[in-house]
Amino acid sequence: MDYIGLSEQEIIRREALKELQTLGINAYPAAEYPVNIFSKDILDRFDDNNMPEHLLNVCLAGRIMTRRIMGNASFAELQDNKGRIQLYFRRDDICTGEDKTMYNTVFKRLLDIGDIIGVKGYAFRTQMGEISVHVKEFTVLSKSIHPLPIVKEKDGVIYDAFSDPEQRYRNRSMDLIVNPQVKSAFINRTRLTNSMRSFLNEKGYLEVETPILQPLYGGAAARPFKTHHNTLNQTLYLRIANELYLKRLIVGGFDGVYEFAKDFRNEGMDRFHNPEFTQMELYVAYKDYNWMMNLVEEMVERISIDLHGDTKVQLGEKIIDFKRPWKRYTMYEAIQNFTGIDISNLSENELRQEARNLKVEIDDSMGKGKIIDEIFGAYCEKELIQPTFITDYPIEMSPLAKKHRSVDGLVERFEAICNGKEICNAYSELNDPIDQRERFEQQLVLAKRGDEEAMMLDEDFLKAIEIGMPPTAGLGIGIDRLTMIMTNSASIQDVIFFPQMRPEKKAETFDESVFMELGIEEVWAKILFKAGYTSVKMLKEANPGKLHQILCGWNKKNKLGLQNPTPDQVAVWINS
RNA sequence: GCGCUCGUAACUCAGUUGGUAGAGUACGAAACUUUUAAUUUCGGAGUCGUGAGUUCGAAUCUCACCGGGCGCACCA
C-alpha cells in the first residue's frame, strides 16, 4: 500500500484495515445486514415499566461517533439515519469464550470513530439513566479510513464544530455526518417541496417535465449557459426558465400545469444566487393575477404550518409571519410609502429628476420602467421584511405579462417580497399573440442596443399562442429562496447540497513520471516530489549526499519500510 | 470585476516588538466492568495556502498568485 502523502491518522487507519483482513474480517462485507429498528425508535418506545418485546432483540446499524473505553467495558454512540443512541459493550458479552480478540483487538484497537458497524443486543437504561443498547454481537460493515472532524456537545453547547464553510461545502458528506442541523435543513427542503407538491396536486394540477436543453432560451431576462449538440450540430442553451413551454401546454388544453424546474443562469454568485437553482412554475387557465396572489398566500402559509406547525418562522433575529392576508402595495404605492413621492403621474423627465434627487443611479439608456424599478430597488425592497405583494409593474420590464386592465403603461404582475428579497413573480399572462409579437420585437431592439438579457423572439411559442391561449395566471416561485427563509439559512449554499465552487487548484502539477523516465522507481519518484523536488532541473542541481539523506529520512520518518537507495544510486539519478 | 477579511496538526483555535511552532479535542501506548465533552499518565503528529522579496533570521513585514467568507457591482 502506498502511504505517501497521507496523514499519520490515515496511515493508522489503513494499518487497522490490514490487520482486520489478517484476522479474517472483511471490513466491507457484501451481505445484507438485518436492521430491524432505528435509534430514535428505541428512545421513543422505551418504557421502564412495560418494556416492548421487540426492544429486547434489536438490530441496528450506523456510524460510531464517540467512544469511551474503560478497560473491559466501553460506551460508544451510534449514529443512524434518525439520530444517535448509546451502545454499551462488555468484553465478556462480546467474547463469550476464551478468545477475547473481538473485544480487545477488534473493538478497542481496530475500530475508530466514523466506522460503520451493525449491532445486535437489547435496550436498557444505564445507571446514569441513559437509554442504551447492550451489545451482544457486532459486525464491521464499513471501515472508515478518513478521520472525521471531532465535534463534541454538552448540555446543548457544541464544541469544536466543523464550521469552515469551504470545507463543509467541498465535503458535504462529512458536513452532513457531523452537523445534524445541516441534515435537518435539507430534510426540511424536501418537506417543503412535498408540501407544495401535495397542495398543487390536491388542486388537480398536473406535474410535468419540459426541456432543459432549449434551442432558444426565454421566459426571463438572464444570460444563459451555452452548449452544443453534436448530432444535430446545433447550439443549445440550458434553460433560464420554462415559462414558454408550460404556456404551450396550457394552449394544448391542460388547465393547470406545474414543474419543479432546475434553471441555469450564467451570472454572478453570492449568498442569494447559485448558477443552478430551482423554481416552481405554475400556470392555471382562466385565472388572473389576483387569484394567483390568493393562491400564493394560501400555499406558503400552509407550507409554514406543515414545516413548523405555525405561520411564524424565526429568521435570524427576525420573526416572519406568513399568516394571510399579506400586505399588498402597488409599486407606485410602495414608492410613495418609502420615499414620500407620488410618481404615478410623472413624465419621464420629471421621473428622471426625482431619481436624481433620491440619489438613485440612472443613465440615459434607461426608460421610465427601468427608472421606477431602480427607485423601488433602492428604497423599498430591503424594507419589506414581512411577506408583501408588490403589484402592477411598468410594462417595459415585463414582456410576457398582460397589460393592466385599467392603468396605462403597467402590466398585471406581482412579486412577493420577503426579508427584502423576491420570492416569487407572477402575471396575468399575455395571451394576445399580436401584442406578444410586438413585445418581442421591442426586446429585439433592446438586444441590438447591446442588452445581453433581452429576450429572443421565439417563433414556435408565438405560433402556439396564435392558436389561442386561454386567459391564464402564471407563477414562478424560488424554491431555494423560500427554503432559506423556512430553514433560517443565511446562504443559498446552506440549502443546496452541492453548491458551485471554484475548483481547488492542485499544489503543483504532480507528475512524478519525469523522474521515472530517468529510471527512478515510482515510489522514490513520488517521494522526491513530496520532498519538494518538482522538476528535473531541481534534481540535477541537488547535492547527492544531502538528497540521499532526505530520502532515507522520509523512509524512516513515514515508516515506509522501503529498501533505501545507495548514495551511488542517488548520484546516478542526479547525473543521468 | 472591485473593496475588506481570513487561510497554522485530522477538527476548533492561540502564536506578543520578526528570534527553536503551541493548546484542547482527535490519534498511539498504558490503567480502569455503567461512562457520557469520561478520567489519569506518557507519547507522536505541521510544506504555518503557494511563490517571490526584505532580513543574519519570517507563521509574523511587503508583493503577486490560489482558495474561502462578507459587502459592492452584475443578477428586474
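Below, each value reflects all heavy atoms present in this structure, side chains not excepted, and no hydrogens, waters or symmetry copies. Protein chains get the first letters and strands the later ones, always in sequence-line order, with residue 1 at the start of each.
Sorted pairs that involve residues 144-153 of chain A and meet salt bridge (charged side-chain N to carboxylate O under 4.0 Å, His left out), not counting sequence neighbours, are lacking altogether. Every pair passing salt bridge (charged side-chain N to carboxylate O under 4.0 Å, His left out) that includes a residue from residues 372-381 of chain A is listed here, sequence neighbours excluded: A/Lys370-A/Glu374.
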Using nucleotides 34-36 of chain B, report all nitrogen or oxygen pairs with the protein that are shorter than 3.5 Å.
residue: B/rU34; atom: O2'; partner: A/Gln127; partner atom: OE1; Å: 2.6
residue: B/rU34; atom: O2; partner: A/Gln127; partner atom: N; Å: 3.0
residue: B/rU35; atom: O2; partner: A/Arg68; partner atom: NE; Å: 2.8
residue: B/rU35; atom: O2; partner: A/Arg68; partner atom: NH2; Å: 3.4
residue: B/rU35; atom: O2; partner: A/Gln86; partner atom: OE1; Å: 3.4
residue: B/rU35; atom: N3; partner: A/Gln86; partner atom: OE1; Å: 2.9
residue: B/rU35; atom: N3; partner: A/Gln86; partner atom: NE2; Å: 3.0
residue: B/rU35; atom: O4; partner: A/Gln86; partner atom: NE2; Å: 2.6
residue: B/rU35; atom: O4; partner: A/Thr126; partner atom: OG1; Å: 2.8
residue: B/rU36; atom: O4'; partner: A/Arg68; partner atom: NE; Å: 3.2
residue: B/rU36; atom: O2; partner: A/Gln86; partner atom: OE1; Å: 3.4
residue: B/rU36; atom: O2; partner: A/Glu130; partner atom: OE1; Å: 2.9
residue: B/rU36; atom: N3; partner: A/Glu130; partner atom: OE1; Å: 2.6

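No side-chain heavy atom of A/Ser132 sits under 4.5 Å from any side-chain heavy atom of A/Arg125.
Side chain of A/Lys152, nearest nucleotide from B/rA38, B/rC11, B/rG28: B/rA38.
Of all nucleotides present, only B/rA64 satisfies the Watson-Crick or G-U wobble test against B/rU50, with each distance under 3.5 Å. When both pairing distances are held under 3.5 Å, B/rG71 makes a Watson-Crick or G-U pair with B/rC2.
Between A/Arg223 and B/rC75, a side-chain N or O to OP1/OP2 separation shorter than 4.0 Å is absent.
The nearest whole Å value for the distance from the CZ atom in A/Arg13 to the P atom in B/rA26 is 12 Å. Atom-to-atom, CZ of A/Phe272 to P of B/rC70 comes out at 9 Å; the value is rounded to the nearest Å. Rounded to whole Å, atom P of B/rA10 lies 15 Å from atom CD of A/Glu166.
With hydrogens and angles ignored, no donor-acceptor pair closer than 3.5 Å exists between the side chain of A/Asp270 and the base of B/rG71.
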